[in-house]
Amino acid sequence: MRSVRSVGATVPIFVSAKTTAAVPAGLKLLYDALVQSTLDPRVRSIDYFSGPSALASGLADGDIVITRHDGRFLLEVETSRPTDRPASSTRTALPLLTLTAAQIRRGPRYANSQHVWNYRTQPVTLALRLQVLQILGDEGPCRLGSLLPAIRTNADPAAALFALACQDLVELDLDSQPVGPATVARTRA
């Protein structure tokens, strides 16, 4: 997580392979929702609108739009909307994707996403990236219990795989169970 300093305050900034612009994420809950969105295979992009780009798009300053295979959604985190801000449904035609604190913190997705996101800055050599993608391309979706031993490297293969997921090159099933030998990995569709 990077941050931007303004007069007297530091605001965390969220950046990922799926963001089209840096997203100010002043609330931990919003940051966690963005982490989960960036690791969600259904999500194609995360767009942040501010200033003239928001107005030109018919959105409000600070709106976040999640693009998935089934459409575009205006992200609303239960506690991230100031009370004086109009409800999103009254200012845009985009459907709302409203997430509550309970939904964001639900397991195993929350813990899995946090764990994988910790590897976002892990360097992965080109040779290792090609090897992982080749294995997944040849074998199709694989369980970590069989995939990790097949990766030939002196580095930690799990760390490399998690970093590739953060780079939007590999998809991991983070919803069904805690990350372990039965977790399924596949190349990004």
Side-chain angles (χ1 to χ4, degrees), residues 1-2 12 14-20 23 25 27-46 64-73 75-78 95 97-189:
M1 171 168 57
R2 296 186 312 175
F14 181 83
V15 177
S16 79
K18 292 183 182 178
T19 56
T20 57
V23 181
L27 293 173
K28 172 92 169 82
L29 200 57
L30 174 58
Y31 190 88
D32 292 341
L34 292 169
V35 167
Q36 289 178 22
S37 294
T38 208
L39 294 172
D40 185 337
R42 298 171 300 170
V43 173
R44 301 292 180 221
S45 68
I46 301 168
I64 300 168
V65 175
I66 304 290
T67 302
R68 303 187 317 198
H69 59 75
D70 59 345
R72 296 178 69 214
F73 301 86
L75 178 65
E76 291 281 339
V77 174
E78 169 181 80
L97 175 60
T98 304
L99 300 175
T100 65
Q103 289 170 318
I104 294 168
R105 293 186 178 129
R106 186 177 350 189
R109 184 179 195 203
Y110 176 78
N112 286 344
S113 296
Q114 295 294 312
H115 180 75
V116 170
W117 190 244
N118 285 332
Y119 292 91
R120 69 189 173 278
T121 60
Q122 174 74 32
V124 180
T125 66
L126 176 60
L128 184 52
R129 180 176 68 212
L130 293 174
Q131 181 186 166
V132 170
L133 295 176
Q134 184 70 49
I135 292 169
L136 289 173
D138 291 346
E139 302 295 322
C142 296
R143 294 178 185 270
L144 295 188
S146 60
L147 174 61
L148 295 178
I151 300 171
R152 303 291 176 225
T153 181
N154 292 329
D156 178 2
L161 187 67
F162 296 157
L164 292 174
C166 294
Q167 295 170 18
D168 197 29
L169 297 173
V170 172
E171 296 177 359
L172 298 171
D173 174 10
L174 301 177
D175 293 331
S176 62
Q177 61 191 337
V179 171
T183 300
V184 175
R186 62 179 46 90
T187 56
R188 180 74 170 130

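Being a predicted model, the structure only gives us computed values, none of them experimental.
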Looking at every non-hydrogen atom in both residues, tell me the closest pair between [X] and [Y] and how far apart they are.
X      : Y      : result
Pro108 : Ser176 : CG-C, 4.0 Å
Ser16  : Trp117 : CB-CH2, 3.7 Å
Val170 : Ala185 : CG1-CB, 4.3 Å
Pro178 : Thr183 : O-OG1, 3.7 Å
Phe14  : Leu34  : CZ-O, 3.5 Å
Leu164 : Arg129 : CD2-CG, 3.6 Å

Minimum side-chain heavy-atom gap [X]-[Y] below 4.5 Å:
X      : Y      : value
Pro41  : Arg188 : yes
Cys142 : Val184 : no
Ile104 : Val77  : yes
Val23  : Val15  : no

Is the backbone of [Y] close enough, under 3.5 Å, to the side chain of [X] for a donor and an acceptor to pair up by distance?
X      : Y      : result
Lys18  : Ile46  : no
Asp168 : Ala17  : no
Glu139 : Leu136 : no
Asn112 : Asp175 : no
Ser37  : Ala33  : yes
Arg109 : Gln103 : no
Gln36  : Ser113 : no

Separation between [atom1] of [X] and [atom2] of [Y], rounded to the nearest 0.5 Å:
X      : Y      : atom1 : atom2 : result
Thr98  : Glu78  : OG1   : CD    : 9.5 Å
Ile66  : Ile64  : CD1   : CD1   : 7.0 Å
Arg42  : Glu171 : CZ    : CD    : 11.0 Å
Arg106 : Leu99  : CZ    : CG    : 9.5 Å
Gln131 : Thr125 : CD    : OG1   : 8.5 Å

Exercise for the section: Apply side chain to side chain contact (heavy atoms under 4.5 Å, CB included) to Leu30 and Leu75, showing your working. Expected result: CA-CA 9 Å; Leu30 174 58; Leu75 178 65; 4.1 Å; yes
Exercise for the section: Please test Tyr110 against Asp32 for side chain to side chain contact (heavy atoms under 4.5 Å, CB included), starting from the C-alpha separation and ending with a verdict. Expected result: CA-CA 8 Å; Tyr110 176 78; Asp32 292 341; 3.4 Å; yes
Under 3.5 Å, which donor-acceptor pairs do the side chains of residues 147-159 form with other protein atoms, sequence neighbours left out?
| unit_1 | atom_1 | unit_2 | atom_2 | d |
| --- | --- | --- | --- | --- |
| Arg152 | NH1 | Pro149 | O | 2.9 |
| Thr153 | OG1 | Ala155 | N | 3.0 |
| Asp156 | OD1 | Ala158 | N | 3.0 |

Practice task
Determine, for Arg68 against Asp40, whether the closest basic-nitrogen to carboxylate-oxygen distance falls under 4.0 angstrom.
Solution key: no
Practice task
List the steps, then state whether side chain to side chain contact (heavy atoms under 4.5 Å, CB included) holds for His115 with Phe162.
Solution key: CA-CA 9 Å; His115 180 75; Phe162 296 157; 3.5 Å; yes
Practice task
Using a cut-off of 6.0 Å, state whether more than 12 heavy atoms not belonging to Arg143 lie near its atom CZ.
Solution key: no
Practice task
Quick one: do Leu39 and Leu172 satisfy side chain to side chain contact (heavy atoms under 4.5 Å, CB included)? Show the steps, please.
Solution key: CA-CA 8 Å; Leu39 294 172; Leu172 298 171; over 6 Å; no
Exercise for the section: For Asp138 and Gln134, test the side chains for any donor-to-acceptor distance below 3.5 angstrom and give the result as yes or no. Expected result: yes
